[in-house]
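Note sheet for the following structure.
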Amino acid sequence: MRRLLLAATAALLALTGVAAAATGSTATVSDTAERVGPIEQPVLLVSDSAWLGIKTYGAKDALMGVDHVMDLASCRRRVVGSCRNYDGHVPITLKAELEAHGGHFHTLVVATGYNDSDHNFRSDVDTIIRRARSLGYERVVWLTLRENVSYSSPGSLGFAQVFRNNNAALRDIVDAGTYPELVIADWATYSRDTPAWFASDGIHLRGDGPWAAADYISRKLAHLDGRTCPLPPMPDGPMPDPCPDPDDGFPAVDLAGLYPIGDPNPTAGFHMEWEGSGAWPAAPWWA
């Protein structure tokens with residue numbers, strides 16, 4: 001397993017080189033964004049507590065193949081003020097995270113929305129994409145929200161029907177072509193039949209789930225960039241090149257064979273909010 005990971009890392013670096021910060025001119029709101037090819041520019045992933053398990057369970061090094069920063073925070077909302085969780089923590093919003101990080105990212109990954117209502121979803125998408133454009137982002141990857149869940153957000157703004165409504169609105173927005181840089185990552189469908197990846201509420205990652213989430217977004221970004229997959233679907237398998245879209249019936253991933261799930265983990269730990277990245281392009285902690 002370690003030899004596989006080290007070989008995969010070396011092969012990927014030989015193909016792509018170490019990721020570098022974007023150096024192009026800053027776009028304006030009036031610019032028309034276009035879909036892009038392979039890139040070596042950084043990714044900002046912003047989530048609420050649903051994906052905090054990537055850090056809590058030590059799976060952050062499973063996000064491979066691209067330079068990135070993850071901002072994971074409990075009770076985060078998109079644009080309106082975030083909610084206050086049980087220990088009094090109130091994180092900044094997705095929009096505020098964009099402001100705080102400035103303009104040196106290429107791709108925004110939106111993995112938040114479980115604490116928001118469906119009343120202002122379309123305007124929130126417009127707000128986020130226009131601000132991302134003004135900061136020079138060229139791609140926004142928006143995750144669908146899981147629908148077969150029992151979770152209800154603080155204040156009951158977000159719940160299963162709200163998530164269904166927001167997913168439908170997101171697909172309508174993409175189909176309309178208003179934002180050419182907007183791409184759906186269909187996490188809801190990809191994870192629909194794997195309840196063991198989640199806590200009983202259906203959204204918070206547990207067990208294999210954090211590894212599955214990091215692996216999924218790694219493959220999705222590789223597909224969008226036209227790159228080789230960071231890892232094969234199973235140990236000793238071929239490295240797909242270019243990486244197929246995990247939303248298009250990607251082969252089942254042998255998570256237990258690829259990742260040290262359940263092993264003693266020096267990077268795990270409980271957090272209400274965490275900002276950082278995985279080890280890539282260095283070898284992951286388990287290698």
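Residues: numbered from 1 along the sequence shown.
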Basic-acidic side-chain contact under 4.0 Å: Arg171, Asp175 = no
ask   = Does the distance from a Lys or Arg side-chain N to an Asp or Glu carboxylate O, for Arg122 and Asp172, drop under 4.0 Å?
value = yes
query = How far apart are the C-alpha atoms of Asp126 and Ile173, what are their side-chain angles, what is the distance that settles it, and do they pass the side chain to side chain contact (heavy atoms under 4.5 Å, CB included) test?
reply = CA-CA 10 Å; Asp126 183 75; Ile173 292 169; over 6 Å; no
Do [X] and [Y] have a side chain donor and acceptor closer than 3.5 Å?
X: His101; Y: Asp71; answer: yes
X: Thr228; Y: Asp241; answer: yes
X: Tyr259; Y: Asp61; answer: no
X: Asp208; Y: Tyr57; answer: no

Flag side-chain contact, heavy atom, 4.5 Å: [X] against [Y]:
X: Trp211; Y: Leu205; result: no
X: Met70; Y: Lys55; result: no
X: Trp142; Y: Val125; result: yes
X: Ile128; Y: Lys95; result: yes

message = Classify the ring geometry of Trp197 against Tyr190: parallel below 30°, tilted from 30° to 60°, perpendicular beyond 60°.
response = tilted
request  = Look at the aromatic rings of Trp187 and Tyr216 and report parallel, tilted or perpendicular, splitting at 30° and 60°.
outcome  = tilted
key: Test side chain to side chain donor-acceptor pair (under 3.5 Å) applied to Thr144 and Asp186, Thr189, Asp247, Asn166, the passing residue   = Asp186
ask   = Nearest 0.5 Å, what's the CG-CH2 distance between Asn265 and Trp286?
value = 8.5 Å
request  = Might you work through the side chain to side chain contact (heavy atoms under 4.5 Å, CB included) test for Tyr151 and Asn115, ending with a clear yes or no?
outcome  = CA-CA 10 Å; Tyr151 178 75; Asn115 300 304; 2.8 Å; yes
query = What residue among Arg219, Arg139, Lys220 forms salt bridge (charged side-chain N to carboxylate O under 4.0 Å, His left out) with Asp225?
reply = Arg139
query = If only atom types and distance count, is the side chain of Thr56 paired as donor or acceptor with the main-chain N or O of Leu52 below 3.5 Å?
reply = yes
Polar side-chain atom of Arg146 near backbone of Ser191 as donor-acceptor pair, under 3.5 Å = yes
task = Kindly indicate, with the supporting measurements, whether the criterion side chain to side chain contact (heavy atoms under 4.5 Å, CB included) is fulfilled by His68 and Leu221.
result = CA-CA 11 Å; His68 63 275; Leu221 292 171; over 6 Å; no
